[in-house]
Amino acid sequence: MPAPSVIFLVGFMGSGKTSIGRELASLLDVGFVDLDELITHHDGRTVSAIFAEDGELRFRERERAVLFKLESALATGAVIATGGGTFADPALRAWMLERGVAVWLDATLDAIERRVARDGSRPLFGDRAALEALHAQRRDAYSEAPMRFDTSATDPAAAALAIHRALSQRARG
Ligand code: S3P
């Protein structure tokens, strides 16, 4: 029997991790987990409230704890949409690379700025210069994912299909 699919979608804010993740999980017939949603569920507060009240460092501690709790859920396969900073943490990156296939959803900053509302729900979503700096800081980490897809010009369903196809090819060797 083939090993269950464990896919971590990684990449910058607004790259499509959640929307593509839902589609991909249904194509693979496995569960879908959105890490930010799970953090919110465990904590009882939104991501922006955690950032505002406790600071980024405490958010990162929660992110790490919630990710590690997923260990048993991975046994049956899952698509996990991570937060934009999750794969940038070396320990979390190593944990994910050991347990599944990481897929980097890459997109241009123009596409990202078109998609993401500046409504405060993403505390690190700053002005263009801030986004460029954060993106440059994380690029090398994201590029450690063995697969990369540019999602700038595709809708979530088409992107999920393309990723599904590439994963099947990869599994066949
Ligand atoms: C973050 C991205 C967010 C969320 C938090 C921090 C980041 O997730 O985890 O606001 O560090 O880039 P999305 O990438 O899903 O927006």
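Numbering of ligands and ligand atoms starts at 1, following listing order.
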### Task
Using a 4.0 Å heavy-atom threshold (strictly under), name the region of F125 that reaches ligand 1: side chain, backbone, both or neither.
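For F125, no heavy atom sits under 4.0 Å from ligand 1.
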### ligand 1 to K17 polar contact by distance, N or O atoms, under 3.5 Å
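Indeed, backbone or side chain, K17 has an N or O that close.
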Strictly below 4.0 Å, N to O, side chains only: are [X] and [Y] in salt-bridge contact?
X	Y	value
R60	D89	no
R58	E61	yes
R99	E71	yes

### Given L24, I20, V6, the one that forms side-chain contact (heavy atoms from CB on, under 4.5 Å) with V79
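Option passing the side-chain contact (heavy atoms from CB on, under 4.5 Å) with V79: L24.
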Distance filter under 4.0 Å to [X] heavy atoms, resulting ligand 1 atoms:
X	result
G85	7 (C), 11 (O), 12 (O)
R138	7 (C), 11 (O), 12 (O)
L124	7 (C), 11 (O)
R60	6 (C), 7 (C), 11 (O)
P123	10 (O)

### Task
Run down the list L134, V47, L105 and name the one with the heavy atom closest to atom 5 (C) of ligand 1.
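Residue with the shortest heavy-atom distance to the ligand atom: V47.
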### Query
Between the candidates I50, L131, D36, which shows the shortest non-hydrogen contact distance to atom 13 (P) of ligand 1?
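Selected option, by shortest heavy-atom distance: D36.
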### Task
Say whether D150 and S152, considering side chains only, have a donor N or O and an acceptor N or O under 3.5 Å apart.
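On atom types as modelled, these side chains qualify, holding a pair under 3.5 Å.
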### Task
Considering only non-hydrogen protein atoms, determine which one is nearest to atom 16 (O) of ligand 1 and report residue, atom name and distance to 0.1 Å.
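In this structure, atom 16 (O) of ligand 1 has R122 NE, 2.6 Å as its nearest protein heavy atom.
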### Task
Among all protein heavy atoms, pick out the one at the shortest distance from atom 2 (C) of ligand 1; state its residue, atom name and that distance to 0.1 Å.
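Atom 2 (C) of ligand 1 sits closest to the protein heavy atom G84 N, 3.3 Å.
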### Message
Parallel, tilted or perpendicular: which one describes the rings of W104 and Y142, with boundaries at 30° and 60°?
### Response
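Geometry flag for Y142 against W104: tilted rings.
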### Task
Would you indicate whether the side-chain heavy atoms of V103 and K17 approach each other to under 4.5 Å?
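They are not in contact (no side-chain heavy atoms under 4.5 Å apart), so the answer is no.
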### Heavy-atom pair of closest approach, residues I112 and F12
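In terms of heavy atoms, the two residues are closest at CD1-CD2, 3.8 Å.
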